[in-house]
Structure formats: structure tokens, C-alpha cells
Amino acid sequence: MEETNLKEILRVLNDRFEGRLKPHSVAAALSEPLASVWPGGPEDVQYLAEVAQRYSVPLAVRGAGIALEADPPGGILIRFDLMRNTYVPGSEKDYWAEAEPGALWLVLDNELRLRGKGLAVYPTSAPRATVGGWLATDGIGVGSFEYGRLRENVLYASVVLPGGELQEVSGESLGEVVGQGGKAGIIVSARLRTRRATTDTPFAVAFDHIEQLLESVEDITEVALPLWHLALLNPAMSRARGLGKNYLLFGAYPSEREEVVRWLDRLPEDCECRVLGAAETYRVWGQRFFPVAPSFPTPRAVREFVSPPQLPERLSVWENRPTQATFSRSGEVLILSLEEGEGTQPARAAGTP
Ligand SMILES: Cc1cc2nc3c(=O)[nH]c(=O)nc-3n(C[C@H](O)[C@H](O)[C@H](O)COP(=O)(O)OP(=O)(O)OC[C@H]3O[C@@H](n4cnc5c(N)ncnc54)[C@H](O)[C@@H]3O)c2cc1C
């Protein structure tokens, strides 16, 4: 694009955004974004989509940047640090919450906890991941054993389409309008499912052998044990978190679900495993976000969605790397494996209790 056009775009953006615009070098626009912009609301995003279409420049969106995508050369980079508002209804009967795309999952969940509620699902990157970033990439997280994939728990989302039209879409159709780094549609707010969370109780079980752990998971699935969350850590991840050197199976359930308590009581009779006591269990639960923490750079991780029969083979591929697997009611399992050299620092204040 000609330099005069690039300058014209910067002028148009500056007219509206002034201090919320960071222009980059016009001369470097072949390899770098032309500008970063901080919208304050949906109308600003609609305006940016309209400008991008009028001048045929790419638009890209960044949340916390965990997915590490390249910046668009000559494009406009949208940052959502000024759109972090959340809304939690006061009524006990309303099981939803709203959030703007820059809000952090953990901040939203903490707000809900003050009212005895919690998100139906959240990612283990919740201390840093933004609502917009995880919605755009979808996934499986804490709570997926009961509630499934993220998109099953989005009541609706407001999305700005290319050109600037604002549309409300259901969670299930979100994949059709977002993706491609924000080139397709940009999420400007979402209404998310919440749940009662006053009696959440964690549990954790240590295994020497993965085969026995996986047999227990099969048993859990077969009897449809009413857990809210179910995940496993390989020994490399247990060590990285300072939780010993075993495979760990852990999760959480509302304490009134007595079937779970009975299942845990019987478990040591059926397998060579050790059900952890309360103190150890709370340490395992408190480390569920490891190694993501607000004040440390987030490491890179490989993210794979597999079926349960594929799990043993995939876990053996990643056995030397700190790896976790999260189970979903959809029948899928999300494997997250930290890249070489990542997550080997001691388990400092990464988790929250
Ligand atoms: C240690 C670790 C743990 C993780 N745990 C989980 C987990 O439990 N479950 C899981 O599924 N994934 C997990 N992930 C993957 C990761 O958390 C998600 O991809 C993350 O939520 C991205 O959030 P972000 O704010 O960093 O988004 P970014 O990386 O900034 O963006 C991700 C993508 O979304 C687009 N985007 C961002 N905001 C918007 C918007 N408002 N509208 C449209 N598009 C947008 C971006 O352009 C980009 O393409 C984990 C990753 C790591 C490294």
C-alpha cells in the first residue's frame, strides 16, 4: 500500500482514538503492524472493522497472547486492555455472567465465588487468558467433565463482523464467525454459563502405573460418576509442581454427591493407588493453573484433542515433558504438554488455593 494511504489511515484512526492509538513506523509497515489500538467499547470495534474494510488493511486481535501469533504486517492490531468489564447478576437464581473480551477468566471466576457461584468451565491458563482469547480458540478446561467444551457454555456472544456489523451468535455457532486471528469476527462481549459452587470439594489419587489410572478413568466414565472436573498429571508434571513423582488423578465435585465419596472410599480396594489426604489434595488443587501466573511469562504448550483410546500412546510420546490431560463429557481429552525447558522452575506461587 502507498505511503500516503498508510498516513491517511493513521490520521483517520487518530481522529477517533488519539491517546488510545500507538502508531508504528509507516516505513516498516511491510513487516510490522501499522498501529495498535485500544478500543473502549463495541462501537469502537465496529469503527475499526469499517476502517479496515474501507482501506483493505488486515485487522488482528490480541488477548493475552498465549497462542503466540505473528502480528499482521501493515495491519491494525486491536488490544482489549480497556474492555475488561464484567457483570454478575445479584439474583441467586441467575446462572450466567457477562464479560468483555479483555477480562481475565480467573478475575471473573473470583467475582462469582464471592456470590457462591463459579464459571461452568474455565481454562487452566485462567490467571492470564482473556475471555476473548479462549472463546476464539474454544477448548476443554476445568469443569468440562460435567459441562463439556467451552462453546457449549456460551449462552451467546456479541461479535463484530468484517465491515462493522454487530451480531449476536450462540456459542455453538461462534466457530463459524470467529477464528483466523480475528480476521473473520471479533468478540466484543459474551454471556457465559455459571453454576452453584459453594460445596466444591477436590480429590486426588496417586498411581504408580498409568494403566491402573486409566482403568479408574474408564470405571468413572462407565458408572457416570457425577464429578465436576477430572484431570491427570504425568510424573514429569507432578515433579514440576512439587507434588511428588507419581501419576496423579484429580478433580472436584459438589460434596452432596455422595456417590463420589463412596467411590473414593472403595478405590484402594480395586487398585494399587493412594487416595491423598486433605492437605495434599488441596496442594494438588491449588496448583491447577501451574505454570500460568499473572507475574510470570506464560510458557508455550502443545495442545492436542484426543479420544480416550489414543491417550496411552499420546502420554507415552510426551512422557519426558510436564503434561496434563483434562477429560470432557464430550468424550474428548485435552492434552497440554509444556515445551522443552518450560515449567521446570519450582512450583512457586503459580496456583491459587
Ligand atoms: C499453560 C497453558 C495452559 C492452557 N490451558 C488450557 C486449557 O485448560 N484449555 C484450553 O482449551 N486451552 C488451554 N490453553 C490454551 C490457551 O489458554 C488458549 O489458547 C488461551 O485461552 C488464549 O487466550 P489469550 O487471551 O492468550 O488469547 P490470544 O493468544 O491473545 O489469542 C488467541 C486467538 O484468539 C484470537 N482472539 C483473541 N481475542 C479475540 C476476540 N475478542 N475476538 C476474536 N478473536 C480473538 C486471537 O487473534 C488469536 O487468534 C493453555 C495454554 C497454556 C500455555
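The model shown is predicted, which means the values in this text are computed figures rather than measured ones.
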Exercise for review: Check whether any side-chain heavy atom of I220 lies under 4.5 Å from a side-chain heavy atom of F145, and answer yes or no.
Suggested key: yes
Review point. Are the charged groups of R191 and E98 less than 4.0 angstrom apart, N to O?
Key: yes
Point to revise | Check: W228 side chain, A120 main-chain N or O, donor-acceptor pair, under 3.5 Å | key: yes
Point to revise | Least distance between heavy atoms, L82 atom then P39 atom | key: CB-O, 3.6 Å
Check your understanding: Is the backbone of S307 close enough, under 3.5 Å, to the side chain of Q310 for a donor and an acceptor to pair up by distance?
Key -> yes
**Study point:** Validation row: Y253, P226 side chains within 4.5 angstrom (heavy atoms)
**Key:** no
Study note, to complete from the structure: Of all heavy-atom pairs linking R329 and Y147, the shortest is NH2-O, 3.5 Å
Check your understanding: Any Lys/Arg nitrogen of E146 or R195 sitting under 4.0 Å from an Asp/Glu carboxylate oxygen of the other?
Key -> no
Review point. Would you call R193 and L155 a side-chain contact if the rule is heavy atoms closer than 4.5 Å?
Key: yes
Check your understanding: Where do S337 and T323 land on the side-chain hydrogen bond (donor to acceptor under 3.5 Å, both in side chains) test, with the steps shown first?
Key -> CA-CA 4 Å; S337 187; T323 299; 2.9 Å; yes
Check your understanding: For the residue pair F289 and Y122, does the interplanar ring angle fall in the parallel (under 30°), tilted (30 to 60°) or perpendicular (over 60°) class?
Key -> tilted
Check your understanding: Is it true that a side-chain atom of D71 and a backbone atom of L77 form a donor plus acceptor pair closer than 3.5 Å?
Key -> no
Review point. So do the side chains of L214 and L232 get within less than 4.5 Å of each other, counting heavy atoms only?
Key: yes
Exercise for review: Look only at the side chain of R151 and the backbone of L135, and say whether a donor-acceptor pair between them is shorter than 3.5 Å.
Suggested key: yes
**Study point:** Nearest atoms (heavy-atom pairs only) where L10 meets A35
**Key:** CD2-CB, 3.8 Å
Check your understanding: Run the side-chain hydrogen bond (donor to acceptor under 3.5 Å, both in side chains) check on E172 and S170 step by step: do they pass?
Key -> CA-CA 5 Å; E172 294 296 353; S170 68; over 6 Å; no
Exercise for review: I would like to know whether V45 and M83 meet side chain to side chain contact (heavy atoms under 4.5 Å, CB included); could you show each step before the answer?
Suggested key: CA-CA 11 Å; V45 180; M83 287 179 69; 4.3 Å; yes
**Study point:** Under 3.5 Å: donor-acceptor pair, side chain of R241, backbone of F290
**Key:** yes
Revision key, fill the gap. A103 and T86 have their tightest heavy-atom pair at CB-CG2, 3.8 Å
**Study point:** Joint cluster assignment, V131 & L104, ILVMFWY side-chain distance < 4.5 Å
**Key:** no
Review point. Of the non-hydrogen atoms in R149 and S328, which two are nearest, and what is the gap between them?
Key: N-OG, 4.1 Å
**Study point:** N/O donor-acceptor pair under 3.5 Å between D44 side chain and W38 backbone
**Key:** no
Practice item. May I ask whether I210 and L248 are part of the same hydrophobic cluster, defined by side-chain heavy atoms of I, L, V, M, F, W, Y residues being less than 4.5 angstrom apart, directly or through others? Key: no
Review point. Linking I/L/V/M/F/W/Y whenever any side-chain heavy atoms sit under 4.5 Å apart, do V142 and M237 land together?
Key: yes
Review point. Is there side-chain contact between V333 and R314, with heavy atoms separated by less than 4.5 Å?
Key: no
Check your understanding: Taking it one step at a time, do S144 and V121 satisfy side chain to side chain contact (heavy atoms under 4.5 Å, CB included)?
Key -> CA-CA 6 Å; S144 287; V121 293; 3.8 Å; yes
Exercise for review: For atom CD of E256, decide whether the heavy atoms of other residues, nucleotides or ligands shown that lie under 6.0 angstrom number more than 12.
Suggested key: yes
Exercise for review: State the CD-CG distance between E272 and L213, to the nearest 0.5 angstrom.
Suggested key: 13.0 Å
Review point. Which of these, L13, D15, I76, sits in a side-chain contact (heavy atoms from CB on, under 4.5 Å) with L21?
Key: L13
Check your understanding: Is the shortest side-chain N to carboxylate O distance from R283 to E280 below 4.0 Å?
Key -> no
Revision key, fill the gap. All heavy atoms of V188 vs all of P42, minimum pair found to be CG2-CB, 4.1 Å
**Study point:** Short side-chain to backbone donor-acceptor contact, Q212 and H209, under 3.5 Å
**Key:** no
Exercise for review: Start with the C-alpha gap between L59 and V51, add the side-chain angles, then the distance that decides, and say whether side chain to side chain contact (heavy atoms under 4.5 Å, CB included) holds.
Suggested key: CA-CA 10 Å; L59 208 53; V51 169; over 6 Å; no
Check your understanding: Using the ring of each side chain (for Trp, its six-membered ring), is W263 parallel, tilted or perpendicular to F203, with breaks at 30° and 60°?
Key -> perpendicular
Check your understanding: For R128 and T298, what are the C-alpha separation, side-chain angles and deciding distance, and is it a side-chain hydrogen bond (donor to acceptor under 3.5 Å, both in side chains)?
Key -> CA-CA 8 Å; R128 283 184 81 111; T298 304; 3.0 Å; yes
Check your understanding: Are any non-hydrogen side-chain atoms of Q287 and L233 less than 4.5 angstrom apart?
Key -> no
Practice item. Give a yes or no on whether the backbone of L119 and the side-chain of D109 come within a donor-acceptor separation of less than 3.5 Å. Key: yes
Review point. Looking at side-chain heavy atoms only, is the closest gap between N153 and L192 below 4.5 Å?
Key: no
Exercise for review: For E332 and F305, indicate whether the former's side chain and the latter's backbone hold a donor-acceptor pair under 3.5 Å.
Suggested key: no
Practice item. Check the angle between the aromatic planes of W134 and W105 and answer parallel, tilted or perpendicular using the 30° and 60° thresholds. Key: perpendicular
Review point. Are the side chains of L230 and L225 in touch, meaning some heavy atoms are under 4.5 Å apart?
Key: no
Check your understanding: Counting distance only, does the side-chain N/O of Q324 pair as donor-acceptor with the main-chain N or O of L336 below 3.5 Å?
Key -> no
Check your understanding: Is there a side chain to side chain contact (heavy atoms under 4.5 Å, CB included) between E100 and R84 once you walk through the steps?
Key -> CA-CA 5 Å; E100 288 188 324; R84 294 190 155 191; 5.6 Å; no
Review point. Atom CH2 in W285, atom CG in D200: separation rounded to 0.5 Å?
Key: 7.0 Å
Check your understanding: Is L334 linked to L174 within one hydrophobic cluster, defined over Ile, Leu, Val, Met, Phe, Trp and Tyr using a side-chain heavy-atom separation of less than 4.5 Å?
Key -> no
Check your understanding: Under a 4.0 Å N-O cut-off, is there an ion pair linking K117 with D94?
Key -> no
Check your understanding: Between L150 and L106, is there a shared hydrophobic cluster once you connect ILVMFWY residues whose side-chain heavy atoms come closer than 4.5 Å?
Key -> yes
